[in-house]
Structure formats: structure tokens, C-alpha cells
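Report on the following structure.
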Protein chains: 2
Amino acid sequence: MENKIILSVDKSMRLIEILLEARRSLTLKEIAEKSGCPKSTVYGLLFTMLQHDVIRQDPDGRYGLGIRLYECGAAVSESWDISARIHPSLEKLAQQTGAGAFATYFDGRNVISFDRCIGSGGLQVIPEVGMRMSLHATAQGKLFLSMLPRSKVLSVLREDGMTQFTPHTITDPESLLSELDSIRVQGYAIEHGEFRRGLMGAAAPIREHDGKIKYALGIVGLFRSVASADFQQAVELMVSAARDLS
Amino acid sequence: MENKIILSVDKSMRLIEILLEARRSLTLKEIAEKSGCPKSTVYGLLFTMLQHDVIRQDPDGRYGLGIRLYECGAAVSESWDISARIHPSLEKLAQQTGAGAFATYFDGRNVISFDRCIGSGGLQVIPEVGMRMSLHATAQGKLFLSMLPRSKVLSVLREDGMTQFTPHTITDPESLLSELDSIRVQGYAIEHGEFRRGLMGAAAPIREHDGKIKYALGIVGLFRSVASADFQQAVELMVSAARDLS
DNA sequence: TTTCTTTGTTCGATAATATCGAATTATATT
DNA sequence: AATATAATTCGATATTATCGAACAAAGAAA
């Protein structure tokens, strides 16, 4: 047997993901289209999850993520020792560099920030907790992409597209792939104004005991330039903090 | 047909609930026992959810709630800017009264706490964020129940049951209904040891611009009695804070 | 070490049920 | 009121989830 996966459950999870990505409530029709399943099938799945408050139905009939997911989220973050493990490093990093420091998680497809510390510098642009980050235009995104095989990178890029956020955003897959090569070599990634004009950042991986990489540290700030001593030093501090956590 | 529920999905949701209630990772065997399904069935369901990071497997093989639920939780709470609006009032209230102050959300069926501030008093018993609260035995629960039509109240009580937490817990629907009447009149609810012996609390509604009520402020503490000046004053502060937020 | 015990994972036949399109109802738009 | 769009229900059918049992892996005991 190739497939141990239970299809109806698999589809249900897919529906949750669709609602998560949409970041808003959707109509049954929209969900059915995005999932590629017939309306009636989707209806049955949603109805079942509705009973468990995993899905909620707005007064206007749209479907959204339910309150139970909030409960679960609170429970997960509590039980999450990684966050506790990383948080002190974030504080130290934010304090040492003056930049914002944050931690992200990669599930093979999405980069999600799950903890952050605001630096001492005046203006701060730092991703919110729970935010999904761009793959091709942020240091975090590029770092995680660099760990994937070429074919996977291309398929992910095709799915997500390569939105041009600023004039510096890399929008050509080949250029990105060659940058991923150098990231793989140097062990960390840098972002200079590719997501927001003037915003610079860097990301370094946190290795698990088994060598797998699921988490990364990041810094982000309005540095003078990527060549400035400030930035270089901040990157060094971040890389060593990440190594210590590995 | 009586049943539109998709069984495998229903079971999956049940597994998530079991893991949520357990507040820790469980072995396959434990989950199978609690759910009443054979190990192999549970295994298939968990395996499927594992693929979606809705479930995670610890290095020791135990199963727990996965990172995707954290993402979902963050997405759900994001859609609530209400938290930012309320938080300052909670701090002020906690500081003024010395009791714990918290905010809850009602979705028509469940009362969930979503923010809290610990008061200055020594011993504090205050619901955790993400916690589901009893409907018939807490001030919050009674407050929200008082806004429902009689028939709805009865059906909710039938579904949830009226667990007797302490000797003071109201376990008779008619007694509860008459208390709901007075809550509706006075505009806030009081709890005196119905959930935990000696624990007193109160809840006041936050009205939206359209007059709908989805959120409530609450205080909880170990007051001498509901007639004590401390408590009376705390309730007044809470009621006016809630009115200001409305 | 070997044996015994416990738990996790795989397998396959079978009965059960999820699926899908079409019909129906509800809601919105003209 | 008529039309269009979306939500929900229904039922026959083939698909597939289910379960017990077999197997594997990991631990404990000896």
C-alpha cells in the first residue's frame, strides 16, 4: 500500500489550511474551489468540524477558523519548550544589536514567526507573532529555501509566485537559486531591502540534535548598509547565538 | 438521514480534544484508550494529521498538538484587535482591585478567556488564556447565558450538563434561569463560590457599537464575602470599566 | 546476553460510509 | 416578481476506513 492517509481527514486538514492562508472567512463556494472538491463534500467536512468548534460559521454564512483552534494554539505555545529555550537569546540579541530579533519556524512550505523581541533602535519593523513570511524576499525565507532541493524550490516558487515588493526583490528564479547556493555555503542568509525598502535583516538556522533544521533566528532593522560595521557585527552575534542554540 | 457527520473526521477532532484536555503529549495507547478506538484506527488518524503538522510526534514517540494549531490560534486571535483595546483596562482593574482581571469571549456556545492580568493579592486563581469556562458555575458563563433566549439556555445546559463543582453550584435549571433574570436586570453577574470554594468573581458585558455582546470583563479573587466593601467596590470599578469599553 | 513484556506500526479482507452530481431550498440581485 | 447565485440535502455507488491480528521495535527483567 502506498497510502496510509485517511482521505477525508486529509481533506479536512487541507480546508483548515485554506482558511488559514486566506486569513479571513470564506464562503463555501470559495473553499470548494480552492480545495478542488465538490461543494457537498466540503460541506460535510466543514459541518463535522463545526460541531467541534474547530470551524466557526459567521452570521453571514461564511466559514472561518473556530475558537477551538485558539484554545489549541494557546496550549501548544505553553507546551513549547523551544520558545522558552530561544527567548533569552532573542532578548540578548535585541539588546546587543539594537535591532529587532525574532524566531521563525518552517514547516516545509511556510515560514512563520513565533517569537520576537523589539530592539532598542527607534523605528522598528518586526514581524508579528504568527505571521507568515515571504519565501523569496526575506532572509528567513531564503534561508529555508536554501535547504530544499532545486525542484522543490521551483515548485514552491511557482505556487507562491515571486511578488516584487521593492526594486531589489529578486523575481527571477535562476538568480534566486544561485543566491541560495551561496547561502548554503556561508550558512546564513541576508536580506537587503528586498521586502521593504531600506529594511535589512539576516537569518541563521538552529539545528536540532538530529541535524534537521526547523527553526531560525533572525534580526531585522534599518541599518545603514549591509556593509556597515553595525550590521556585520549584528550578523556575527546572530550566527553565534544560533550556533549556541543548535 | 440523521447523520451528516463524517466519522473519521469526527474521530480526528475528538483526538485533538483529547490531546488538548490532557495538556501534554500522550502515547498512542493512551489516546486509543481515551477515545475508545482501536490502536490501528487512531494510528491512521494521527498519521494523517501528522502530515499536516496538526499533530506532532515527540522524539520519544508520544503524540501532541502540532505547530499548525499554533499558527491557526495566532490567526484567530489576530482577527481580534479587541485584545489590544481591552488590555489597559485589565491592568488598571487588577491594580485597583487587587483581584485578578480577565477578559472572555463568547461564541454562542463557549466562553473562552483570551487575556488576563494578575492582581496584587497573594493567592491568585485566574483562568488561563485559552481556557474554556463553565457556563452555569461562573460569573462569565451566567452573564452570557443571560443574553440567550430561555430555550437556548436549556438546550445548552442539557448538552453541557450542570456539574456540581462545589456545594454552592447551581444544579437546577429553574434556579439558574431565575438568576439569569436578575442578571439581565442588574447588568452584571456575580459568582460566589460556585466554581471553586471561596472563590468570588463578577462579570460585566462589553457592548459593541451595534449593541451586540461578545466580550466581557471579569474579576476573580478570594474576597471575604460578596457583601464586603472590597468586593462591592471592585464590582463597581469593573462595571464602569466595561461601560467605558462599550 | 537472552527472554519476556509492552508499545508502535503494518497488513488485508470486509463492511461501512464518504463521495459526487443532481435536486432542493435559501438568499441575494435585478 | 423574476432571476441568479449560493447553501444545503439526498441517495446510489464505489471507495476506503475499519478492525483484529500479525509483526516489529523498544524496554525491562533476569
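All values below come from the heavy atoms of this structure, side chains included, with hydrogens, waters and symmetry mates left out. Proteins come first, then strands; the chains are lettered A, B, ... in the order of their sequence lines, and each starts at number 1.
Rounded to a whole Å, the CG atom of A/Asp58 is 12 Å from the P atom of D/dA7. Atom CZ of A/Arg62 and atom C1' of D/dT5 are 13 Å apart (whole Å). In this entry the distance linking CG of B/Leu26 with P of C/dG8 reads 10 Å, nearest Å. Atom C1' of nucleotide C/dA16 and atom CD1 of A/Ile6 are separated by 14 Å, given to the nearest angstrom. The CD atom of B/Gln57 sits 12 Å away from the P atom of D/dA26 (whole-angstrom rounding). Note: NZ (B/Lys39) to P (D/dA25) measures 15 Å, nearest angstrom. Atom CG in B/Leu46 sits about 13 Å away from atom P in C/dT10, given to the nearest Å. When the P atom of D/dT8 is taken as reference, atom CD of A/Gln51 falls 12 Å away, rounded to whole Å.
Taking only side-chain nitrogens and oxygens, A/Lys29 comes nearer than 4.0 Å to OP1 or OP2 of D/dA6. In this model, the phosphate group of C/dA18 is not approached by any side-chain N or O of A/Lys11 to a distance below 4.0 Å at OP1 or OP2. Within the structure, every side-chain polar atom (N or O) of A/Tyr43 is placed at least 4.0 Å from both OP1 and OP2 of C/dT25.
In this structure, A/Tyr105 has its ring center no closer than 6.0 Å to that of A/Phe114. Between B/His52 and B/Phe47, the distance from one ring center to the other does not fall under 6.0 angstrom.
Taking every side-chain heavy atom of A/Thr41 into account, C/dT19 is the closest of C/dT17, D/dT8, C/dT19. Of the candidate nucleotides D/dC10, D/dA7, D/dG20, D/dG20 has the atom nearest to the side chain of B/Ser40. With C/dT9, D/dA7, C/dT19 as the candidates, the nucleotide lying closest to the side chain of B/Tyr63 is C/dT9.
Both A/Leu45 and B/Glu30 sit near DNA chain C, but only B/Glu30 has its closest nucleotide nearer the 5' end. Mapping A/Asp60 and A/Pro38 onto DNA chain C via the closest heavy atom, the residue that lands nearer the 5' end is A/Pro38. Comparing A/Gly61 and A/Ser8 along DNA chain D, the residue whose closest nucleotide (by nearest heavy atom) sits nearer the 5' end is A/Gly61.
Between the side chains of A/Asp10 and B/Thr48, no donor-acceptor pair of N or O atoms lies under 3.5 Å.
One finds a salt bridge joining A/Glu17 and B/Arg68 here, because a Lys/Arg side-chain nitrogen approaches an Asp/Glu carboxylate oxygen to under 4.0 Å. Salt-bridge check for B/Lys34 with B/Glu30: failed, with every basic side-chain N at 4.0 Å or more from each acidic carboxylate O.
Relative to the axis of its first five pairs, the axis of the last five pairs of the helix from C/dT1-D/dA30 to C/dT30-D/dA1 sits at 50°, rounded to 10 degrees.
Nearest heavy atom pair, residue B/Thr166 against residue B/Arg197, reads CG2-N, 3.5 Å.
Remark: of the listed residues B/Gln140, B/Lys214, B/Arg132, B/Gln140 is the sole one forming a side chain to side chain donor-acceptor pair (under 3.5 Å) with B/Thr104.
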